[in-house]
Undergrad: 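Have a look at this one.
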Amino acid sequence: MSFGIEVNGRPFTREPRPGQCLRTYLRESGWFGVKKGCDAGDCGACTVHVDGEPVHSCLYPAFRADGRTVTTVEGLAAGSGELHPVQRRFLDAQGFQCGFCTAGFLMTAVALDEEQRADLPRAFKGNLCRCTGYRAIEDAVRGVCHAEAPAPGEAVGRNLPAPAGPQVVTGTARYTFDVDLPGLLHMKLLRSPHAHARVVAVDTSAALRVPGVHAVLTHHDAPRRHFSTARHEHPEEDPADTRVLDDTVRHIGQRVAAVVADSEAAAEEGCRRVEVTYEVLPAVLDPEEAMRPGAPVVHDKDPATARIARPRDNVVGETHREIGDVEAGFAEADAVYEDTYRTQRVQHASLETHGALAWFDEDNRLNVRTSSQTPFLTRRALCALYDLPEERVRVVAGRVGGGFGGKQEMLVEDIVALAVLRLRRPVKLEYTRAEQFYGATTRHPFSVRLKVGARRDGTLTAIRLRVVSDTGAYGNHGPSVMFHSVGESLAVYRAPNKKVDAFAVYTHTVPAGAYRGYGLGQVMFAVESALDELARRLGLDPLEFKAKNIIGPGEPLVTPGGWDEDLHVASYGLDQCLGVVRRAQAEPLTKSATDAVTHAMADAVTDAVPDGWLVGEGTALAMIATGPPGGHHADARAALLPDGTFDLAVGTAEFGNGTTTVHRQIASGELATTAERITVRQSDTDVVRHDTGAFASTGIVVAGKATLRASRALADLLLDFAAGHLSVPRADCRLTEEAVVHPGGRLLLKELYEAAGARGVTLTAGGHFGGTPRSVAFNAQWFRLAVDPGTGEIRILRSVHAADAGTVMNPMQCRGQVEGGVAQALGATLFEDVRIGERGEVETADFRRYRVPQYADVPRTEVHFTDTADTIGPLGAKSMSESPFNPVAPALANALRDATGLRFTQLPLTRDRVWLALDRAGVSAPHHRERGKLDG
Ligand code: FES
């Protein structure tokens with residue numbers, strides 16, 4: 001009997017392969033709206049309907065669909081092309097950021113009946129979103145409309161929807177793997193089973209005999225060059241300690257060989273047949289042990305050429321700096337508090353995994369399509385690695401399905417390029433979810449020994465920190481994260497005496513890398529907790545104690561990390577942030593979060609605190625520079641097109657951070673037009689000019705400033721040319737949506753274009769910004785929570801976040817960034833933990849064991865923006881994508897201290913950890929806030 005299914009009204013009769021799941025069958029049939037997030041039924045990105053019922057297509061055998069009707073997100077819209085009402089609502093509420101999860105949420109939402117819609121935490125338990133924090137998704141389902149359509153030239157500050165929205169909700173947005181390349185080969189990686197070993201021999205003969213295998217690449221095929229997978233404008237910031245394939249493996253999961261074959265199955269079989277002989281070497285898994293004399297050395301390299309501070313001590317980077325005299329500062333203190341704080345490994349868990357495709361085009365140029373935050377720096381690195389001229393390489397990032405810093409690395413492009421250079425055939429490598437955990441990067445785990453002292457009147461006298469960051473087997477981002485971690489976290493306080501000793505240390509574990517906040521969150525957990533504790537010991541209100549010691553407007557910034565030359569308080573909203581918290585504190589316990597009755601923590605945010613639960617409140621504040629030190633470059637080009645619309649080319653990548661929307665808003669303001677008349681081109685090294693990349697929250701403050709300059713220059717150019725062409729005074733000419741208005745009438749922009757062409761004039765203008773000087777943004781988070789002393793369960797009763805983003809360019813989007821950051825940080829605070837086993841293996845390599853926040857886990861956060869305008873950022877804007885993460889963990893720990901009297905110094909604050917501490921301390925009765933002196 002022949003196979004047959006109907007997909008979105010079209011018949012498909014191709015037989016599935018034995019064991020093939022419906023997800024891959026559909027994608028191979030061209031339905032790219034069906035996404036891969038986990039292939040284990042945990043994330044829901046692959047949700048489709050089979051005979052009207054939503055299923056996870058990654059778990060659904062394709063043969064079982066025989067004779068059935070399948071609907072994917074592409075089939076939701078009516079035949080006329082009119083959107084399904086739920087698709088329309090996701091557009092109106094901007095119910096997505098990167099949009100990689102959106103098709104799955106749509107397919108689930110469309111199938112809900114009224115009863116299910118009343119219980120969304122349950123209805124969405126099979127769908128994960130890593131970006132939004134779920135509030136926007138709830139609004140979408142409820143039909144809340146945020147989108148606005150402002151008049152021409154008035155887009156800044158308004159809720160413009162993302163230009164890619166229609167493609168996202170119809171499944172036609174093209175992410176990295178959503179392309180069909182004829183003759184595509186597939187790569188799979190053989191990974192190390194040892195934490196530390198020398199590769200003595202690799203026998204590839206059996207693998208090469210597997211039908212369909214084209215090549216097996218080993219360290220013999222790889223360049224001998226060392227590089228860093230981290231991507232920065234200046235590569236010398238990072239240690240050169242990595243090879244494409246190495247003859248030494250330094251963590252379990254490091255790649256040892258790559259097999260390229262006609263199919264993924266053949267490549268996997270090839271990996272199983274590669275025979276590797278290892279000489280197993282001693283490994284060190286703990287950074288403190290790694291620094292001790294005699295510890296196994298992770299990288300025995302020349303410190304100068306490898307840019308490793310002290311290779312024999314496993315110290316890749318370090319800083320030692322003292323401002324004032326900390327010992328004298330402690331001597332004059334009336335109270336001193338000292339403790340060690342620890343944070344764990346956390347994974348970015350972007351729903352789109354790492355991966356790349358590469359091929360040679362008809363002009364014999366190497367093309368790389370990759371899920372990257374840094375296409376230009378990736379091109380630069382590939383050229384350096386393989387001696388290729390830049391004009392022979394094109395790197396393109398399609399729509400990126402989440403990054404959070406994890407894609408500020410070159411983790412896949414190097415090996416895919418090696419295969420393509422060898423085989424001259426198109427090759428694809430797509431990480432599995434498990435590979436994300438042991439083959440990509442994590443947040444750096446930190447240990448922070450901290451001592452703080454203050455006088456009785458609340459004047460902070462001294463802060464001393466010893467920071468040890470575990471960078472894992474490779475130093476990508478290790479030194480930079482370590483430097484940044486002790487920068488703004490301390491500079492925000494005015495203590496005259498500060499001392500920092502910080503180390504980034506190698507171990508034989510999965511490498512750490514860039515992650516939202518770039519080290520600040522780890523040190524802020526320690527600093528914000530410790531100052532709260534010190535205030536309590538002095539009998540002071542923690543918030544007022546901090547308010548007394550923070551820097552004020554216009555004060556110079558001094559970072560113990562020493563990265564402060566170009567850093568200014570170019571706008572100041574920290575006082576307003578604290579004002580938001582004070583107002584929240586003053587409100588009664590029964591105040592529930594904004595219209596949260598329908599949302600995830602509905603039961604918790606109402607006034608019902610279960611009997612016997614302890615209630616507490618806590619705050620933390622945060623400061624962050626609006627860009628990285630050392631320069632961050634962006635170029636933009638704005639042009640008038642023949643039809644009278646505009647083209648804007650800007651390099652920064654869009655991965656859900658909303659920069660495309662904001663860039664259109666900026667340009668439309670300058671060009672007095674509507675955002676729809678501006679086409680934005682991004683993230684393609686062939687069509688836009690250099691951009692350092694979409695990281696360090698620079699999409700608006702750096703690339704946006706280049707866009708502003710280019711748009712402003714184009715507006716000037718248009719008016720100048722029109723005035724000259726018409727022989728009228730420039731001052732009497734005005735740019736409107738479609739024309740230049742002048743004393744004699746109107747000259748349509750398309751006529752202007754023609755007139756310019758006739759005179760050989762090009763109406764194109766450029767803008768550049770080098771990322772310096774920089775300003776600072778501020779945040780404050782406040783929680784009210786309840787704890788069950790019988791189980792350790794924490795319920796958030798109310799969550800309030802104040803954000804000083806300067807001019808808020810798009811409140812709907814900016815609110816989404818804050819909510820998403822808070823939600824992600826709550827996962828890292830409460831349960832996310834990449835656990836490392838005794839041999840150095842990652843024990844939590846899937847979404848069952850590594851739990852990211854689900855809809856039901858995330859409370860609604862009230863987001864408040866300050867009223868400030870920055871004097872450096874474009875149109876007064878500041879960055880606001882990383883910083884909401886940073887104050888969450890300490891605010892929650894401070895609330896827990898307030899509720900229980902116990903100071904928790906280690907993340908995550910799991911139910912078990914909390915219960916054990918409460919049990920040991922004998923905390924069981926409802927707690928009075930004044931009690932607060934019991935130390936954990
Ligand atoms: Fe949901 Fe990115 S928008 S994962």
Side-chain angles (χ1 to χ4, degrees), residues 33-38 42-47 56 73 86-87 89-91 93-109 120 124-141 146 161-171 173-178 347-354 371 373 397-407 433 436 515-516 600 653-661 694 699 812-827 832 847 850-858 881 884-885:
V34 184
K35 301 296 185 221
K36 183 201 86 171
C38 66
D42 296 325
C43 78
C46 65
T47 305
H56 286 165
V73 70
V86 180
Q87 287 174 308
R89 287 185 209 141
F90 268 73
L91 267 186
Q94 183 98 37
F96 57 86
Q97 286 178 22
C98 81
F100 202 77
C101 69
T102 305
F105 271 96
L106 278 167
M107 299 311 291
T108 303
L120 292 181
F124 285 135
K125 69 179 172 14
N127 291 82
L128 290 178
C129 174
R130 192 55 163 166
C131 300
T132 62
Y134 299 103
R135 189 274 311 157
I137 292 173
E138 180 190 345
D139 280 1
V141 175
H146 298 291
Q167 290 81 46
V168 168
V169 301
T170 53
R174 288 291 170 253
Y175 294 80
T176 311
F177 304 110
D178 299 341
Q347 226 281 329
H348 311 75
S350 47
L351 273 207
E352 182 196 44
T353 59
H354 281 80
S371 180
Q373 296 172 230
R399 191 168 173 88
V400 176
F404 317 117
K407 293 172 180 172
R433 181 53 55 186
Q436 285 297 112
Y515 191 124
R516 205 169 195 164
E654 170 67 61
F655 57 101
N657 46 356
T659 49
T660 321
T661 320
M812 170 171 71
Q813 279 196 179
C814 200
R815 178 183 174 193
Q817 286 293 318
V818 173
E819 292 167 329
V822 171
Q824 230 174 55
L826 276 173
E832 290 184 37
F847 283 148
Y850 185 87
R851 193 160 83 75
V852 301
Q854 296 180 317
Y855 190 105
D857 295 316
V858 183
S881 49
F885 192 107

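In each ligand, atom 1 is the first atom listed, and ligand 1 is the first ligand listed. None of these values were measured; they are calculated from a predicted model.
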Undergrad: Search all heavy atoms of Gln87 against all heavy atoms of Val73 and return the closest pair with its distance.
TA: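 Shortest heavy-atom separation between Gln87 and Val73 comes out as NE2-O, 3.7 Å.
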Undergrad: Can a salt bridge be assigned to the pair Arg433 and Asp42 using a cut-off of 4.0 Å between side-chain N and carboxylate O?
TA: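 Looking at Arg433 and Asp42, the cut-off is not met.
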Undergrad: Testing Arg174, Arg130, Lys407 for salt bridge (Lys or Arg N to Asp or Glu O under 4.0 Å) with Glu352, which one passes?
TA: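 Exactly one candidate clears the test, Lys407.
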Undergrad: Write down the atom of Gly401, the atom of Cys98, and the distance for their closest heavy-atom approach.
TA: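 Heavy atoms only, the tightest pair is C-SG, 3.6 Å.
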Undergrad: Of the non-hydrogen atoms in Tyr134 and Cys129, which two are nearest, and what is the gap between them?
TA: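 Closest pair (atom of Tyr134, atom of Cys129, distance): OH-N, 3.0 Å.
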Undergrad: Is there a side-chain contact between His354 and Gln436 in this structure, where contact means two heavy atoms from C-beta onward sitting under 4.5 Å apart?
TA: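 They are in side-chain contact.
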Undergrad: For a distance under 2.8 Å, give residue and atom name for each protein N, O or S atom next to atom 2 (Fe) of ligand 1.
TA: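 Near atom 2 (Fe) of ligand 1, the protein supplies Cys98 SG, Cys131 SG.
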